[in-house]
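Worksheet: one structure, shown below.
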Amino acid sequence: MAELKITQIVGNPHLDGKYIAEMDMWPLEDPALNRIYPFYDNMKQGRWTTIKCKKCGRISYPPGVACPNCWSDELEWIDLPKTAKVVGMTETLAGAPTGFDSPLIIAWLGFDKAHPLKHLLVRIINCQAGQLKIGDEVKFVTFEVAAHPMDVKKESKVCERVYYAFEPVKK
Amino acid sequence: MAQTKKACIVGGGTSKFGVRQATIFDMLQEAANAMSKDIPGLRPKDIDGLIFASTTAGRNSNSLNTAPIVAHRLGIYPSSICVRVDTLCSGSNTAIILATGLIESGISEVVLVTGTEKLNLPQRWESTFMNLYTNDHDWDSAMGLAVPPPFFGMIAQAHMKKYGTTKEQMGAVAVTNYAYGFNNTNAQFGGKTLSLDEYLAARSVCDPFGLNDCCPVTDGASAVIIASEERAKAMTNRPLVYIRGTGQVATHGMSAGWPGETLADWPHLKKAADIAYKAAQLTPKDIDVAQTHDCFTISEIIEVEELGFCKKGEGGAFVASGQIKVDGQTPTNTDGGLLAVGHPYGATGARQAVEICKQLQGRALNQVKNAKFGMTHNLSGVCAQHTVVIYGTEPVK
């Protein structure tokens with residue numbers, strides 16, 4: 001009888017090196033994959049933007065292609081003021097989700113009365129654990145995140161991406 | 001539209017909850033087995049509708065369009081409805097609302113509501129990582145929000161700041177619910193006691209939460225039968241338990257849409273409760289026993305406020321003064337709640353319904369004396385949605 005051959009196979013070898021959209025922790029930002037790509041394009045320029053409805057005047061966040069107040073699709077992109085105050089915060093010192101470093105600092109932001117947003121949950125970066133305090137001022141900041149491949153006819157292109165967080169305003 | 005029929009919960013059962021060496025289909029069969037013992041004489045052929053609740057069946061258990069698979073494994077042939085619902089932590093409570101509507105309208109007669117989740121995966125990292133898919137993925141999750149403790153930690157901070165709630169008051173919820181769960185052999189922490197000193201000494205999860213402020217990561221399944229009054233009468237000799245009123249309110253999926261002035265205020269829960277109370281023709285003081293969504297200790301404190309069991313801001317004092325105990329004003333989470341039983345999202349609502357059914361039939365482990373009206377409540381995700389169902393030993397007149 002032939003000897004049983006044991007090979008070490010971990011996971012699914014057929015998936016080696018393949019991109020799995022289901023496992024992606026970032027948005028699909030390429031214009032071929034969504035209709036709010038101006039948000040991501042603007043973010044690559046360091047701008048924080050959203051939509052304003054030309055019909056009813058409502059400013060909505062996150063942006064979309066129809067106004068959530070009146071469903072009009074006559075929208076314009078506007079810049080959002082980029083500073084906020086920390087209303088609540090929490091630091092995950094260990095066990096942040098894969099892809100996010102510990103300490104993971106998450107804050108509940110409050111905005112000026114003139115700001116279109118009232119609340120927002122954000123990640124705080126460029127900040128040591130124990131440094132951030134409630135009441136601190138923070139500002140919008142962008143950073144590169146992992147690119148992903150996309151099939152275009154018989155070729156594969158690389159889609160580069162950015163995302164945003166907030167960081168402490170230096171006192 | 002005038003209702004032509006009344007809907008009842010007949011009985012139900014759950015699998016063992018915990019870190020299970022079992023698939024969702026194993027656990028669903030366990031729950032069906034427990035339910036068959038609770039409703040002697042019930043046969044698969046009695047059931048004409050299946051509403052299956054699970055959020056992660058598609059992802060963690062690789063089973064999309066799971067309802068027909070569940071029907072097959074449980075040997076039922078649905079003829080009025082066969083569907084899976086996903087409202088995360090309120091899945092099977094949502095399914096009970098849907099079953100009620102189908103029965104009251106005459107579309108269904110006997111509906112099996114069953115829910116499950118397999119949340120502990122072969123590698124621990126994935127159990128955390130998959131939670132990125134339960135929030136608004138491209139926005140809040142991209143900030144690193146996966147498992148809920150950081151969000152509810154900020155809720156607790158806000159409640160402590162605005163209303164003076166203390167860590168000891170939060171501890172009263174944990175100590176009470178662990179005590180309730182002690183005799184519950186299906187609970188993840190069944191047989192486990194917790195003192196306030198142990199609670200206060202537990203390792204920190206994230207400020208201000210220690211380990212016992214948080215419900216565990218749980219696998220499990222539950223099953224209940226919702227039937228028309230006529231069919232319920234034929235199936236059981238026990239007192240009938242009617243579904244009197246329901247409410248479900250969703251206000252936002254992403255943090256920018258938070259409906260409260262602060263994180264300590266949950267107006268969407270108050271609204272869901274008001275709708276359910278109105279339909280049930282009851283007020284908060286009529287509720288003899290409640291199962292509320294104690295995913296965290298602070299959640300139960302805010303829930304007893306927004307559900308009207310005490311004044312807004314006084315939830316901490318309410319729980320610490322023993323009003324949630326079995327002889328208190330509103331005994332709450334009498335089977336141990338999410339904190340002691342565990343929380344496999346889609347299974348939780350039906351698990352709560354089983355407990356309320358037993359309470360109103362006078363056969364619960366921690367029996368509330370003369371309980372006539374009961375309530376179940378779930379919140380979903382990072383407090384995006386609230387679901388309330390009110391039960392009674394008499395139907396709405």
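Residue numbers start from 1 in every chain, and the chains themselves are labelled A, B, ... in the order their sequence lines are given, proteins ahead of strands.
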Below 4.5 Å from any heavy atom of chain A, which atoms of [X] appear? Answer side chain, backbone, both or neither.
| X | answer |
| --- | --- |
| B/Ile155 | neither |
| B/Ala142 | both |
| B/Arg59 | both |

Neighbour count >12 (heavy atoms, 6.0 Å) for atom [atom1], [X]:
| X | atom1 | value |
| --- | --- | --- |
| A/Glu137 | CD | yes |
| B/Tyr133 | OH | yes |
| B/Lys162 | NZ | yes |

B/Thr56 and B/Tyr345 have their tightest heavy-atom pair at CG2-CE1, 4.3 Å
Can you pull out the residues in residues 206-215 of chain B with any heavy atom less than 4.5 Å from chain A?
B/Cys206, B/Asp207
Given a strict heavy-atom distance threshold of 4.5 Å, which part of [X] is in contact with chain B: side chain, backbone, both, or neither?
| X | value |
| --- | --- |
| A/Leu104 | side chain |
| A/Thr92 | side chain |
| A/Ala94 | neither |
| A/Met89 | backbone |
| A/Glu29 | neither |
| A/Phe166 | neither |
| A/Ile36 | side chain |

Aromatic plane relationship, B/Tyr163 with B/His159 - under 30° parallel, 30 to 60° tilted, over 60° perpendicular
tilted
Over 60° means perpendicular and under 30° means parallel, so classify the ring planes of A/Tyr40 and B/Trp139, tilted if in between.
parallel
Taking B/Asp26 first and then B/Arg20, would you say they form a salt bridge - that is, a charged N and a carboxylate O separated by under 4.0 Å?
no
Taking NZ, NE, NH1 and NH2 as the nitrogens, is one of them in B/Lys270 or B/Glu306 under 4.0 Å from a carboxylate oxygen of the other?
no
Can you give me every donor-acceptor pair (side chain of residues 111-119 of chain A, partner residue at least two apart or in another chain, under 3.5 Å) with its distance?
residue: A/His115; atom: ND1; partner: A/Leu117; partner atom: N; Å: 3.0
residue: A/His115; atom: NE2; partner: A/Pro81; partner atom: O; Å: 2.8
residue: A/Lys118; atom: NZ; partner: B/Glu261; partner atom: OE1; Å: 3.4
residue: A/Lys118; atom: NZ; partner: B/Glu261; partner atom: OE2; Å: 2.6
residue: A/His119; atom: NE2; partner: B/Gly260; partner atom: O; Å: 3.1

Residues 147-157 of chain A side chain polar contacts: donor-acceptor under 3.5 Å, at least two apart:
residue: A/Lys157; atom: NZ; partner: A/Asp30; partner atom: OD2; Å: 3.0

Under a 4.5 Å cut-off applied to non-hydrogen side-chain atoms, are B/Ser61 and B/Phe25 in contact?
no
4.5 Å side-chain heavy-atom contact, B/Met170 and B/Phe296
no
Are side-chain N/O atoms of B/Ser90 and B/Ser380 paired as donor and acceptor at under 3.5 Å?
yes
Looking only at the side chains, is there a donor atom on one of B/Asp86 and B/Thr55 sitting less than 3.5 Å from an acceptor on the other?
yes
With ring centroids as reference points, do A/Trp26 and A/Phe100 lie under 6.0 angstrom apart?
yes
Which members of residues 45-79 of chain A, sorted by number, sit under 4.5 angstrom from chain B on a heavy-atom basis?
A/Tyr61, A/Pro62, A/Pro63
Answer key: most heavy-atom pairs under 4.5 Å with chain A among B/Leu263, B/Val205, B/Leu145 is B/Leu263
